[in-house]
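Taking it in order: structure first as structure tokens, then the write-up.
Computed over heavy atoms, backbone and side chain alike; hydrogens, waters and symmetry mates excluded.
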Amino acid sequence: MYDKWESSNYFAPNGNGQSYCVLIPPPNITGTLHMGHAFNQTLMDTLIRYQRMQGKRTLWQMGTDHAGIATQMIVERHLAEENTTRQQLGREKFTQRVWQWREESGGTITQQIRRMGSSLDWSRNRFTMDEDYAEAVITVFERLYDEGLIYKGQRLVNWDPQLGTAISDLEVENHEESGHMWYFDYPLLDGLKTKDGANHLTVATTRPETMLGDSAVAVHPDDPRYAHLVGGFVNLPLVDRKIPIIADAYVELELGTGCVKITPAHDFNDNQVGQRHNLDQINIFNLDASINENAPSAYRDLSREQARKRIVADLDALGLLAQVKDHKLMVPRGDRSGAIIEPLLTDQWFVKIAPLAGPAIKAVENGDIEFIPKQYENVYFSWMRDIQDWCISRQQWWGHQIPAFYDEQDNVYVAADETAVRKKYKLADDVVLRQESDVLETWFSSALWPFATLGWPKQTPELEQFLPSSTLITGHDIIFFWVARMIMMTLHFTDKIPFKTIYIHGLVRDADGKKMSKTKGNGLDPLDFIDGIDLDSLLEKRKANLTQPKMATRIEKATKKEFPQGIPSYGTDAMRFTFCALATTGRDVRFDLNRIDGYRNFCNKLWNATKFVLMNTENSTITATPIRSVVDEWILSKLHRLINDANFALETYRFDMFANAIYEFAWHQYCDWYLEFAKPRLWDEDLGEEEKAGTRQTLLEVLEALLRIAHPVIPFISETLWQQVTPRLSGSHDTIMTQSYPIAEDYPLAIKAEAQVDWLKGVITGIRTIRGEANIKPSLEIEIYLQGGTPTDRAREADAHIMLKRLANAHNITWLAESDEPPPNALALVGDLKVMVPLAGLIDIGVEKIRLQKEIDRASADHQRIDKKLSNESFVAKAPAEVVAKERDKLSDLQGRMTALTQQLEKLSSL
RNA sequence: AGGCGCGUAGCUCAGUUGGUUAGAGCGCUGCCUUGACAUGGCAGAGGUCACCAGUUCGAAUCUGGUCGUGCCUACCA
């Protein structure tokens, strides 16, 4: 079915409607579909299918990003298996290998996305390393450089020593880990002594190895304990370096010893202190975080871990280790490698971000761009207003190589390629140029997504039509990574906003509310819900990527408990429906197996309801002029409301309400009641053909509309069923997905019919309750008496007689005059109408009395509550008149009810 | 430490601008193989809306505080 949709080009923009465009967060080529994607995809596809059916000219363009670091890691791992390295291969051959890998394995996720039913325009598929996309990236770089918004500089950056590249601060994850706090004594020089008479200052650190790069000890300017020492010196042990004691307000008086070692080359805060005091920046690390030649020879070439041990031991030996304490600290780790990040001085390229951030902040402030839910705007503002220059260079090979060229004097020239550089800078042919070897970080290219996918820098018709896009649907985890950067770049280069609305959905978590992760083994594969998976395969899968093998048994236990039978096959639609139903306003979405179970059943229900409708409308080409009955009018009226609710839900991005409205209508109105009403009508021999035709027509019309309403969320089932249903109405059509969305006005609201059916349901439910409580077998036909009530009750009963009989399973319904004495009975009240089931040996009088008493108690409690409310003078005086009137009505209803029930109880008691 | 959010039925969650009998799904109890569906039908039980105070005629809803919990940002050298 999906193939047919795709090959029929139904996914491409069509018609002349208003443009509607959704940007896909480009999945990366190393990825496989996880629950987060599946959730995100479901919401986007629901929205785009809905808008397409609303007649919009929709574009949901497919594309992937090249995932610089992740992809390079994978290919390097392959090379390692072949006992080679990228260095041995050389840059060009390595890049070829990456492309080769991408051809072979980079398409996994695109196939998986198809399984989700996503109606993406595949014909416009883009990849961030495509030639024309790369052109956009290079153009952007060059322009920003020429505008002075990109610069190169030696600055302290987050360095991943394992990957050998800088990463942005967003790519660093800080988590609490346990470690130690070491206290070192630095001997005072020149005979200085502290107030306590000590001849040393004590500093503390969580990273002892950095002491090799210390270039000062700082105290607070107002600290009386150390004021006399400022300007003096201490000797840096092991290194034997004379370093100054400085005063800086960065030091907190209360904290620790009040003395802080300053390592400008290896700590962001120290670096600023260093700049204020003109301190030396002593870099003690090589790029792999081993100790370099700036340190004493004893420590050279040691890894940072070895160096730490050695230094602590050596200081201890010298009697300078004052103390060691256990300490919890936040450890920065690279989000890809998991390695501890080291602040390191290196040459990097930066985007000067403030000029770009200004307009981007304004666009949200003035409402051009809107976040839903709105509170995310604060998250956005707080980050944007304190934004740091963006380090965009990566010491990698896979990615967009920075279009900067150096001559032999290291002068920098920026243009698309060497030829362009020579032309632009009027360089002689004999000037030797070499290109910058760094590449741009992947997010730099993703930031151009809204316009680069549409052909920019060329002015294409698509750019005209689909920029700005309408809605961006994404998780809050990439607001900074991607969303904010797209806003900045798009505004800067096109003077347009990238999108009008940003809908931020929750993040999918496991049943315990934990983040799903392959390395923790608590992840779930959406395809396993679609296709099902047996327990053994699931166990194997979840244990495959564990970083800590110790966890295997725990994962096994948890998995066996949660999925004792593995996972049954639920199908795409059930999963999509579940995701919609879970898309509430919260920040987390816990994926609950019970929910998908229920929604699978819902799909089954639709299937069976359709089967019923088809069976009962077979060979019945509607010849007679259909006459609609009150139940027909009622279900059409309910359908009218459903359409309004569905529209409202999707317009306000309440996918949960959308799903719930469909579920409630389909199951609890259409199936539970309307189909049951229809049965006696279709099967009653006395009912006229026109009326039966009316019911058949309504069965089909409502089902057909329901399928269209539900199509955006359950595309496959709705298409399948719709193909069978429409021929009964007006001949067949190609596909449901290009049909127009139902319009509420086509199905008239019928307030009177609704009231009448509410009454009918009330009578039936009253009788069923009696049957249920008295344990009367459903198969047993009973006698029903009616008494009291209004002429409306009588009219309604006459109208609904056959339905009432069947749904209550009564062989007779008899009206009694007011003066008639009914036989001993069980009583249900519907307004003023008494609905009575004779005890007649079926019902135990004691049971019935208990039931009555319960009813009376309930009514009396309500009565008391409302009576109290109404006897409060200020309530009557200050509350709106209609609220007071409503309470009065309730009170008198309850009064009547209590009277009738009490009389009934007395009657039964006197028997 | 700062910011944001959350705490409603056994579980997962709705509850739009204060006025409902506080809802749904799943689970639970009882009865049912009646001709769409046992992936089902009917009926039922279950909540002092975390706690305290305040505003109001009226608070799950608004305000302040307490406790618990989660996330983000910064950081204790």
Side-chain angles (χ1 to χ4, degrees), chain A residues 174 181 203-207 210 218 250-252 254-263 267-270 327-330 373 375-376 378-379 382-383 386 476-477 479-480 507 509 511 513 515 568 570 574 578 581-582 584-616 648 652 654 656-657 660 663-664 668 671-672 675-676 679 683 764-765 768-779 806-807 809 858-859 861-862 865-866 869 872-880 882-884 886-887 890:
Chain A
N174 293 295
M181 180 76 81
V203 296
T205 182
T206 55
R207 298 189 301 152
T210 62
Y250 158 69
V251 180
E252 288 189 40
E254 312 296 326
L255 214 57
T257 61
C259 301
V260 183
K261 65 192 265 314
I262 300 295
T263 322
D267 182 284
F268 288 99
N269 287 312
D270 290 6
H327 185 70
K328 293 240 185 274
L329 71 162
M330 298 296 272
Q375 68 253 25
Y376 287 105
N378 292 328
V379 178
S382 66
W383 188 70
D386 188 33
H476 60 75
D477 52 335
I479 290 177
F480 307 143
L507 265 31
R509 294 170 184 283
K515 218 177 198 172
Y570 288 107
T578 308
L582 292 174
T584 59
T585 54
R587 282 210 290 216
D588 292 339
V589 172
R590 287 195 199 201
F591 199 82
D592 182 0
L593 209 62
N594 294 322
R595 294 294 288 265
I596 193 170
D597 225 35
Y599 295 125
R600 188 260 324 261
N601 296 352
F602 174 73
C603 292
N604 181 258
K605 190 79 177 173
L606 274 184
W607 190 274
N608 281 300
T610 303
K611 193 167 117 193
F612 171 84
V613 171
L614 291 173
M615 278 169 56
N616 285 282
F648 180 76
T652 54
R654 288 301 303 266
D656 59 327
M657 289 180 164
N660 286 337
Y663 186 99
E664 212 282 329
H668 296 308
C671 290
D672 284 353
L675 295 191
E676 296 307 319
K679 284 174 187 174
W683 302 340
I764 292 166
T765 306
R768 283 175 174 171
T769 303
I770 292 170
R771 298 187 70 127
E773 301 261 321
N775 267 338
I776 299 172
K777 290 201 170 197
S779 55
R806 179 176 165 101
L807 298 198
N809 197 21
R858 200 177 301 174
D862 287 349
R865 190 172 44 80
I866 294 171
K869 218 178 199 181
N872 180 346
E873 277 172 39
S874 49
F875 171 72
V876 181
K878 292 188 178 172
E882 69 250 31
V883 173
V884 177
K886 213 170 123 191
E887 295 298 318
K890 273 196 241 171

For A:Arg595, answer base if it contacts any base atom (sugar-phosphate contacts may also be present), sugar-phosphate if it contacts only those atoms, and nothing otherwise; contact means non-hydrogen atoms under 4.0 Å. base
May I ask you to test the A:Thr585-A:Asp656 pair for a side-chain heavy-atom distance under 4.5 Å? no
Answer yes if the ring centres of A:Tyr663 and A:Tyr599 are under 6.0 angstrom apart, and no otherwise. yes
Length of the CZ-C1' vector between A:Phe268 and B:rC76, whole Å: 17 Å
Could you check whether A:Arg654 gets within reach of a base, just the sugar-phosphate, or nothing at all, counting any heavy atom under 4.0 Å? sugar-phosphate
A:Arg600 side chain, from C-beta outward: closest of B:rA36, B:rU39, B:rU20: B:rU39
Between B:rA14 and B:rG54, how many Å separate the two C1' atoms, rounded to a whole number? 28 Å
Below the 4.0 Å mark, does B:rA77 have OP1 or OP2 next to a side-chain nitrogen or oxygen of A:His327? yes
C1'-based separation of B:rU20 from B:rC49 [nearest Å]: 14 Å
Within the structure shown, what part of the strands sits under 4.0 Å from A:Glu676 by heavy-atom distance: base, sugar-phosphate, or nothing? base
Quick check for you: among B:rU21, B:rA77, B:rG30, whose closest atom lies nearest to any side-chain atom of A:Asn775? B:rG30
Lys/Arg cation over aromatic A:Phe612: A:Lys679, 6.0 Å, 45° cone: yes
When A:Asn174 and A:Thr205 are each assigned the nearest nucleotide of RNA chain B, the 5'-most assignment goes to A:Asn174
So what does A:Thr206 touch, heavy atoms closer than 4.0 Å: a base, only the sugar-phosphate, or nothing? sugar-phosphate
So what does A:Asn660 touch, heavy atoms closer than 4.0 Å: a base, only the sugar-phosphate, or nothing? nothing
Taking the minimum atom-to-atom distance to the side chain of A:Phe648, which one of B:rA43, B:rC32, B:rU16 wins? B:rU16
What is the nucleic acid contact for A:Arg858, judged by heavy atoms within less than 4.0 Å: base, sugar-phosphate only, or nothing? sugar-phosphate
At 4.0 Å (heavy atoms only), tell me whether A:Thr652 reaches a base, stays on the sugar-phosphate, or touches nothing. nothing
Any base atoms under 4.0 Å from A:Val379, or only sugar-phosphate, or nothing? Heavy atoms, all strands. nothing
Nearest listed nucleotide, side chain of A:Asp672, among B:rU20, B:rC72, B:rG41: B:rG41
Pick the C1' atom in B:rG23 and in B:rU8, then give their distance to the nearest Å. 10 Å
Among B:rC76, B:rU39, B:rA36, the one nearest A:Asn601 by side-chain distance: B:rU39
Roughly how far apart, to the nearest Å, are B:rA50 and B:rG7 at atom P? 8 Å
Among the nucleotides B:rA36, B:rU34, B:rG19, which one has an atom lying closest to any side-chain atom of A:Val883? B:rG19
What contact category does A:Thr584 fall into here, base, sugar-phosphate, or nothing, at under 4.0 angstrom with non-hydrogen atoms? sugar-phosphate
In whole angstrom, give me the gap between the P atoms of B:rC57 and B:rC52. 23 Å
Expressed as a whole number of angstroms, how long is the span from A:Glu252:CD to B:rA74:P? 17 Å
How far, in whole Å, is B:rG58 from B:rA43 if one measures between their P atoms? 38 Å
My understanding is that a pair needs two contacts under 3.5 Å, Watson-Crick or G-U wobble. By that rule, which nucleotide pairs with B:rA43? B:rU29
Assign A:Asn594 to base, sugar-phosphate, or nothing according to its heavy-atom contacts below 4.0 angstrom with the strands shown. sugar-phosphate
Strictly below 4.0 Å, N to O, side chains only: are A:Asp592 and A:Arg590 in salt-bridge contact? no
Closest to the side chain of A:Gln375, out of B:rC71, B:rG5, B:rA14, is B:rG5
P spacing across the pair B:rG15 / B:rG47, given as an integer number of angstrom: 23 Å
Quick one: is B:rU21 close enough that its OP1 or OP2 comes under 4.0 Å of any side-chain N or O from A:Lys890? yes
Where the side chain of A:Asn604 is defined as all heavy atoms beyond and including C-beta, which of B:rA36, B:rU39, B:rA77 is the nearest nucleotide? B:rU39
Test A:Asn604 against A:Asn608 for side chain to side chain donor-acceptor pair (under 3.5 Å), laying out the working first. CA-CA 6 Å; A:Asn604 181 258; A:Asn608 281 300; 3.1 Å; yes
Has A:Tyr599 got its ring stacked on the base of B:rG25, with centres under 5.5 Å and planes less than 30° apart? no
With the side chain defined as heavy atoms from C-beta on, A:Glu773 is closest, among B:rA43, B:rG41, B:rG19, to B:rA43
By nearest atom, which of the nucleotides B:rC76, B:rC42, B:rU34 is closest to the A:Asn269 side chain? B:rC76
Within a strict 4.5 Å, meaning less than it, do heavy atoms of the A:Asn809 and A:Arg771 side chains meet? yes
For B:rG2, what is the paired nucleotide under Watson-Crick or G-U wobble rules, both distances under 3.5 Å? B:rC72
Would you say CH2 of A:Trp607 has more than 12 non-hydrogen atoms from neighbouring residues, nucleotides or ligands within 6.0 angstrom? no
So what does A:Val203 touch, heavy atoms closer than 4.0 Å: a base, only the sugar-phosphate, or nothing? nothing
I'd like the P distance from B:rA60 over to B:rU48, given in whole Å. 13 Å
Does A:Phe268 have more than 12 heavy atoms from other residues, nucleotides or ligands lying within 6.0 Å of its CZ? yes
How would you label the contact of A:Cys671 with the nucleic acid (heavy atoms, under 4.0 Å): base, sugar-phosphate, or nothing? base
Does the side chain of A:Arg771 get closer than 4.0 angstrom to OP1 or OP2 of B:rG44 through an N or O atom? no
Less than 4.0 angstrom between a side-chain N/O of A:His668 and OP1 or OP2 of B:rG25, yes or no? yes
So which nucleotide does B:rU48 pair with, by the Watson-Crick or G-U wobble rule with both distances under 3.5 Å? none
Close side-chain approach of A:Thr257 and A:Val203, heavy atoms under 4.5 Å: no
Are any non-hydrogen side-chain atoms of A:Arg600 and A:Ile596 less than 4.5 angstrom apart? no
Hey, does A:Leu675 reach any base, or is it just sugar-phosphate, or nothing, if we go heavy atoms under 4.0 Å? base
Most 5' of A:Lys611 and A:Asp592 on RNA chain B, judged by nearest nucleotide: A:Asp592
At less than 4.0 Å, is any side-chain N or O atom of A:Lys777 found next to OP1 or OP2 of B:rU34? Yes or no. no
Distance criterion of 3.5 Å, no angle test: do you see the side chain of A:Arg587 paired donor-to-acceptor with the base of B:rC4? yes
Let's test your reading of the model: under 3.5 Å, does the base of B:rC37 pair with the side chain of A:Lys605 as donor and acceptor? yes
Touch check for A:Met657, heavy atoms < 4.0 angstrom, all strands: base, sugar-phosphate only, or nothing? nothing
If we call it a pair only when both distances are under 3.5 Å in a Watson-Crick or G-U wobble match, what pairs with B:rC13? B:rG23
Check whether any side-chain N or O of A:Ser382 sits under 4.0 Å from OP1 or OP2 of B:rC4, and answer yes or no. no
